[in-house]
There are 2 protein chains.
Amino acid sequence: MPTEPLSRGRIVAAAIDLIEREGADAVSMRRIAAELGVGVMSLYNHVPSKDALLDGVAEAVLSEIEFTDEPGAHWTDRVRMQARAFRQIAHHYPRSTMLVVSRQLHSTAGLLPVERALATLRSAGFDGADAVRMLRMFIAYIVGSLLREVGVTPSFAPVHPRTIEAEGVDPALFPEVSSLAPLLDECDHEAEFEFGLELLIQAAVAHASRREGTR
Amino acid sequence: MPTEPLSRGRIVAAAIDLIEREGADAVSMRRIAAELGVGVMSLYNHVPSKDALLDGVAEAVLSEIEFTDEPGAHWTDRVRMQARAFRQIAHHYPRSTMLVVSRQLHSTAGLLPVERALATLRSAGFDGADAVRMLRMFIAYIVGSLLREVGVTPSFAPVHPRTIEAEGVDPALFPEVSSLAPLLDECDHEAEFEFGLELLIQAAVAHASRREGTR
DNA sequence: GAGACTGCACGTACGGTGTACGTATGTCAA
DNA sequence: TTGACATACGTACACCGTACGTGCAGTCTC
């Protein structure tokens with residue numbers, strides 16, 4: 001049985017699989033090679049370095065985002081949908097998402113989402129400068145949300161998110177924190193994300209109408 | 001001449017110094033020990049592990065944020081000031097900031113900012129749940145902005161932020177991206193941050209008055 | 001003082017890492 | 001047949017985090 005020949009795609013896939021199963025710390029060239037039943041150095045025939053491999057992982061994850069754009073919809077709905085699509089990767093690839101956000105990729109993989117987003121914002125009436133600013137604001141919010149959502153979960157952290165709030169804090173020093181501890185402890189990421197997203201969209205609407213007024 | 005005795009503080013300081021000078025990749029226990037003119041294992045008398053050391057770095061950086069709160073000011077001004085104070089770390093410790101945002105620290109070092117922020121939001125009239133949501137939204141935005149600002153700058157990346165936009169993109173496939181390339185290439189982080197911050201604050205104001213109206 | 005105990009600096013050693021380099025084995029072109 | 005070339009592999013090196021043992025300086029108890 002001729003084993004499927006090694007390829008960059010198979011290597012990247014194995015890396016993603018390994019990251020999701022055992023965390024980013026478990027990723028090493030030796031480990032990936034073992035996973036593929038292959039010698040370590042064989043990987044280097046398809047990938048120039050580990051760093052490039054991780055770039056490939058980020059690229060692959062990013063390119064799986066499903067953008068189902070509806071050009072007919074109101075621009076606020078389109079922004080909403082694009083933001084949600086972006087957040088989806090945190091569900092499909094929670095561990096790998098850290099890689100995506102913590103490496104600025106210098107490939108063109110992230111260009112299509114940018115193109116779509118800019119087109120949407122332009123169609124909403126924003127000029128170029130404002131569209132870019134808006135996009136950056138949304139990206140900052142989305143990335144920040146992802147970061148909270150996936151944490152870092154170094155390896156096998158017992159997903160329990162540490163109820164440090166509820167126990168060790170001095171109510172005299174931190175009255176607000178300790179009184180709001182139950183709320184701080186729990187976090188419905190979905191709901192939190194939607195809350196901020198709606199506020200941002202409304203802020204964008206307000207900004208748009210303000211520009212409209214001064215025109 | 002009795003050299004100053006080793007201590008956790010000196011080790012953390014050396015680590016921060018090294019990170020800022022040569023990047024996070026350069027940090028190793030051996031390197032830090034050499035920097036301090038000391039044996040590698042001596043470090044372990046003051047720090048239980050490298051991971052704990054990095055937690056210490058994050059904690060130290062975070063605790064240097066200067067919060068000059070003015071309880072008399074309008075709450076929007078107080079939010080503005082607190083957000084800016086947070087962003088300052090990106091200027092003082094650009095490389096170390098990556099550590100702060102990419103590790104969720106389980107110490108109480110980040111609790112004081114949280115306390116201040118919650119108090120401010122409560123004073124603005126938000127109930128507990130809304131205050132927590134607002135805080136999370138602001139944090140997401142701030143962290144996301146920091147992440148864009150500091151990138152990852154792996155080691156000695158020649159700070160030139162890659163004018164990939166202006167050169168290699170096909171105008172037919174990415175019309176918006178290529179027409180807005182000049183705007184996408186440059187980025188005044190200060191101005192971008194302020195733009196989003198103002199929008200968020202206005203969104204918060206709108207949300208507050210909306211709640212006011214439904215009361 | 002003598003002895004014991006403690007804390008800190010240190011060296012050695014082990015298993016792991018990324019990857020440079022040389023080598024073997026195929027599969028095609030001439 | 002004879003190369004040329006792509007690919008898989010093994011060895012080797014420098015570096016990593018850190019477990020463990022050793023020795024020395026001080027400090028406390030009799």
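Every chain is numbered from 1 and lettered A, B, ... according to where its sequence line falls, protein lines coming before strand lines. What you are looking at is a predicted structure, and each value in this text was computed from that prediction instead of being measured. Any value given below was found using the heavy atoms of this structure, including those in side chains, with hydrogens, waters and symmetry copies removed.
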Between B/R80 and B/E198, does any NZ, NE, NH1 or NH2 come within less than 4.0 Å of an OD or OE carboxylate oxygen?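 Salt bridge flag = yes for B/R80 with B/E198.
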Salt bridge or not for B/E190 and B/R87, using N-O below 4.0 Å?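 Here B/E190 pairs with B/R87 in a salt bridge, since their nearest N and O are under 4.0 Å apart.
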Are any of A/S42's side-chain N or O atoms less than 4.0 Å away from OP1 or OP2 of D/dC9?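 Answer yes for this pair, as a side-chain N or O of A/S42 is under 4.0 Å from OP1 or OP2.
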Distance below 4.0 Å between B/H46 side-chain N/O and C/dA9 OP1 or OP2: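 Yes.
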Donor-acceptor check, side chain of B/E20 to backbone of B/S96, threshold 3.5 angstrom: yes or no?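 Present.
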Please check this pair: side chain of A/E192 against backbone of B/M137, looking for a donor-acceptor N/O pair closer than 3.5 Å.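 No, the answer is negative, given that no donor and acceptor are paired below the 3.5 Å cut-off.
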Scan residues 11-19 of chain B against DNA chain D and write down, sorted by residue number, each residue with any heavy atom closer than 4.0 Å; if none is found, say none.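 By residue number: none to list.
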Does the plane of the ring in A/H207 sit parallel, tilted or perpendicular to the ring in A/F126? Use 30° and 60° as the thresholds.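 Rings of A/H207 and A/F126: parallel, as their planes differ by under 30°.
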Supply the atom-to-atom distance A/H189 NE2 to A/S145 OG, rounded to the nearest 0.5 angstrom.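 It comes to 10.0 Å.
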For the residue pair A/T120 and A/Q82, establish whether any side-chain heavy-atom pair is separated by less than 4.5 Å.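 Counting from C-beta outward, A/T120 and A/Q82 do come under 4.5 Å.
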Do A/D127 and A/D130 have side-chain heavy atoms sitting under 4.5 Å apart?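 Yes. Closest side-chain heavy atoms under 4.5 Å.
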What does nucleotides 14-29 of chain C look like as a protein-contact string, B for base, S for sugar-phosphate only, - for none, at under 4.0 angstrom between heavy atoms? ---BBBBB--------
Specify the separation, in whole Å, of atom CG of A/L36 and atom C1' of D/dA8.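 Atom-to-atom, A/L36 to D/dA8, this comes out as 13 Å.
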